[in-house]
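Below is one structure, written out as structure tokens; comments come after it.
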Amino acid sequence: MSTASGDDTATPTLTRDDVAHLARLARLELTDSELDLYGGQLSQILGWVAEVSEVATPDIEPTTHAVPLTNVFRADEHRPGLTNEAALAAAPAAEDGRFRVPQILGEE
Amino acid sequence: MSDNAVSDHSTSAALVRSTAVELAAGIAGGEYTAVEVAQAHLDRIAAVDGDVHAFLHVSGELALQQAAAVDAARAAGEPAASPLAGVPLALKDIVVQQGVPTTAGSKILEGWIPPYDATVTSRLRDAGVVILGKTNLDEFAMGSSTENSAYGPTRNPWDLTRIPGGSGGGSAAALAAFEAPLAIGTDTGGSIRQPASVTGTVGAKPTYGGVSRYGVIALASSLDQVGPCARTVMDTALLHDVISGHDPMDSTSIQFAYLNATKAVEAGRADGLQGVKIGIVKELSGEGYQAGVMESFTAAVATLQGLGAEIVEVSCPHFRYALAAYYLILPSECSSNLARFDAMRYGLRTLADVRDGHALVSAEDVMSATRGAGFGAEVKRRIMLGTYALSAGYYDAYYGSAQKVRTLIRQDFENAYAAADVLISPASPVTAFPLGEKVDDPMAMYLNDLATIPGSLAGIPAMSVPSGLAADTGLPVGLQIMGPTLGEAQMYRVAAAFEQAYIVANGSGVPALAPALEVSAR
């Protein structure tokens with residue numbers, strides 16, 4: 001992605017191709033007009049949010065969670081869950097008690 | 001019309017204007033039944049919701065069944081399930097309820113029927129609270145105006161041409177339109193407090209982890225928090241006590257000593273605020289705030305002083321980076337959370353077998369096409385932003401830096417709470433603005449959560465209580481009260497004392513001034 005200067009956090013300008021690439025990564029099919037619209041909007045928003053790097057010096061610990069938590073464990077016990085029928089009830093397609101999905105691997 | 005019908009009407013009108021406390025007492029005392037209370041609210045919804053559009057789904061039959069169960073338990077001599085037994089509630093449509101359609105305001109979930117209850121839903125059910133239906137919201141709770149709902153906007157009962165705030169605009173509008181005395185909201189960057197502010201109602205965001213998120217469709221997992229909404233501080237506190245507490249089903253739910261918000265409200269009403277130190281956050285009361293909002297805030301400060309509170313000014317210098325950090329952290333987490341909408345196990349699947357003469361069969365194509373068709377503009381914008389911020393080469397500069405800013409903001413809060421018991425600011429920088437005014441300008445829209453976002457990043461409890469009407473627009477203004485982590489009691493104490501003083505000085509609370517919304521010619 002191109003940036004106004006060599007610095008990664010300087011106001012980036014997202015080209016139409018950049019937006020199309022991002023949309024592919026996000027598994028999001030966009031229309032032509034959306035590709036045009038988002039380039040400008042995302043560049044503007046990214047330029048503005050880049051100000052976080054002004055104060056984020058190496059000595060500051062990042063906070064990933066507002067309230068400090070340690071790992072949460074529970075006993076490995078059998079517990080009731082959804083029935084097969086309930087789990088499949090909302091599926092776009094099901095067959096033989098399983099989710100029916102489109103082809104995932106390409107043909108060799 | 002017979003005299004009987006007239007008196008039925010006036011009873012029904014009185015019921016919908018009652019507080020949850022009054023309704024629970026009336027039901028417990030046999031003055032009226034829970035079924036009558038539920039029916040009065042269902043009638044009100046039928047009469048005004050065509051104009052307000054607070055609800056996406058009304059489950060009348062289910063509500064009447066729940067109410068009948070409360071009445072049957074009472075008739076059998078059983079003690080009330082909770083202090084809110086039989087009181088109706090509006091549930092934000094991002095919290096799942098078994099068997100009731102849940103959309104999160106998105107086309108991608110249209111027609112989905114959850115096979116299980118959220119913990120919040122089952123706690124409400126156990127408490128005998130009657131769920132009237134699901135309320136409108138910005139799609140997946142992304143927005144500040146409820147205009148991002150795929151099912152059309154909600155209108156502010158104070159002025160139907162204006163926004164009710166977002167993303168919990170449906171829940172807040174249901175309260176202001178007297179369609180329900182209680183509501184559930186979720187707050188990620190201010191989605192409980194900002195709608196409460198612009199609709200003249202009360203809304204509280206608990207400490208992060210204080211209420212279970214199990215069964216709440218995730219937006220940004222490190223920020224999302226479920227909370228109570230009502231027209232009075234006491235009703236909000238009662239609901240807070242019902243829904244809060246540790247839940248083993250949610251690994252981010254915290255273990256803490258039981259919070260009794262209700263007791264804190266009683267203390268605030270009885271004892272005033274002698275000995276309480278209240279900090280005004282300098283950075284949350286200057287530029288970008290509407291004149292009428294600041295006037296109301298200044299008057300609120302005087303009221304708090306009159307109650308005996310000591311007012312100090314505190315500075316939180318890193319708050320100026322809060323919005324930027326938020327708009328990196330939120331999209332990053334949402335781009336990850338919304339990956340679950342993959343058209344495989346539930347929700348929409350847009351599957352064209354053939355397009356332009358070519359087979360379209362891969363899961364990736366189906367997923368892209370479905371997400372392209374099923375998500376609205378704001379959701380796509382944030383997914384793209386998050387995908388960018390998390391991508392290789394940009395992660396440290398954007399997401400990593402934002403997480404460091406979060407540390408600085410937490411430190412700002414810690415320093416401020418060394419000088420004050422609670423902090424205050426206006427809850428929203430402006431009163432309700434006209435529908436459509438900011439919808440095409442994401443940056444302008446994001447500024448509406450200016451005052452609420454720092455508290456979200458730090459995970460502290462915060463609430464909005466009505467502080468009056470702005471002189472320049474005649475619309476409600478909210479006072480934000482922020483407590484330290486797990487400091488809900490201090491927060492509720494101040495809110496209750498303020499509300500009581502306001503009512504004494506003005507003859508009524510702000511919610512009572514909401515327009516009657518008498519049914520138009522429909």
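Treat the numbers as computed from the prediction; the structure is a model and nothing was measured. Quick note on labels: first sequence line is chain A, next is B, and so on, each numbered from 1.
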## Note on the structure
In terms of heavy-atom contacts, A:Thr64 and B:Arg406 come closest through O-NH1, 3.6 Å

#### Entry: For A:Pro62 against B:Thr407, the heavy-atom pair lying closest together
C-OG1, 3.4 Å

Proximal component of [X], with respect to chain A [non-hydrogen, under 4.5 Å]:
X        : result
B:Arg410 : side chain
B:Leu323 : both
B:Asp440 : backbone
B:Tyr446 : side chain
B:Leu385 : both
B:Met443 : side chain
B:Ala325 : both
B:Thr252 : both

### Query
Quick one: do A:Arg27 and B:Glu364 make a salt bridge, cutoff under 4.0 Å?
yes

### Message
Between the side chains of B:Lys404 and A:Glu61, is the shortest nitrogen-to-carboxylate-oxygen separation below 4.0 Å, so that they form an ion pair?
### Response
no

Rounded distance [0.5 Å steps], [atom1] in [X] versus [atom2] in [Y]:
X        : Y        : atom1 : atom2 : value
B:Ser251 : A:Asn71  : OG    : CG    : 8.5 Å
B:Met344 : A:Arg100 : CE    : CZ    : 12.0 Å
A:Leu25  : B:Tyr388 : CG    : OH    : 12.5 Å
B:Gln403 : A:Ile60  : CD    : CD1   : 12.5 Å
A:Leu28  : B:Phe375 : CG    : CZ    : 7.0 Å
A:Leu88  : B:Arg345 : CG    : CZ    : 12.0 Å

### Task
Against chain B, label A:Val52 side chain, backbone, both or neither, depending on which of its atoms sit under 4.5 Å from a heavy atom there.
both

### Query
chain B heavy atoms under 4.5 Å from A:Ala23: which part of the residue, side chain, backbone, both or neither?
both

### Message
Would you call the rings of A:Trp48 and B:Tyr327 parallel, tilted or perpendicular, taking 30° and 60° as the class edges?
### Response
tilted

Partner chain A: residue of [options] with the largest heavy-atom pair count (under 4.5 Å):
options                                : result
B:Thr485, B:Ile113, B:Ile254, B:Leu408 : B:Leu408
B:Ser335, B:Ala377, B:Pro248           : B:Ala377
B:Ala322, B:Pro442, B:Gly459           : B:Pro442
B:Arg349, B:His318, B:Met367, B:Arg320 : B:Arg349
B:Ser368, B:Gly372, B:Ala363           : B:Ser368
B:Ala389, B:Ser222, B:Ala324, B:Ala339 : B:Ala324

### Query
What do the steps show when you test B:Arg371 against A:Glu29 for salt bridge (Lys or Arg N to Asp or Glu O under 4.0 Å), and what is the final call?
CA-CA 7 Å; B:Arg371 289 159 62 83; A:Glu29 194 176 283; over 6 Å; no

### Message
I'd like to verify something: which residue of A:Thr57, A:Ile45, A:Thr83, A:Leu30 has the highest number of heavy-atom pairs under 4.5 Å with chain B?
### Response
A:Ile45

### Query
Counting heavy-atom pairs under 4.5 Å to chain B, which of A:Ala93, A:Ala94, A:Pro92 comes out on top?
A:Pro92

### Query
Do other residues, nucleotides or ligands put more than 12 heavy atoms under 6.0 Å from the CG atom of A:Asp59?
yes

### Message
We want to know whether A:Glu51 and B:Tyr321 form a side-chain donor-acceptor pair, criterion being a heavy-atom distance below 3.5 angstrom.
### Response
no

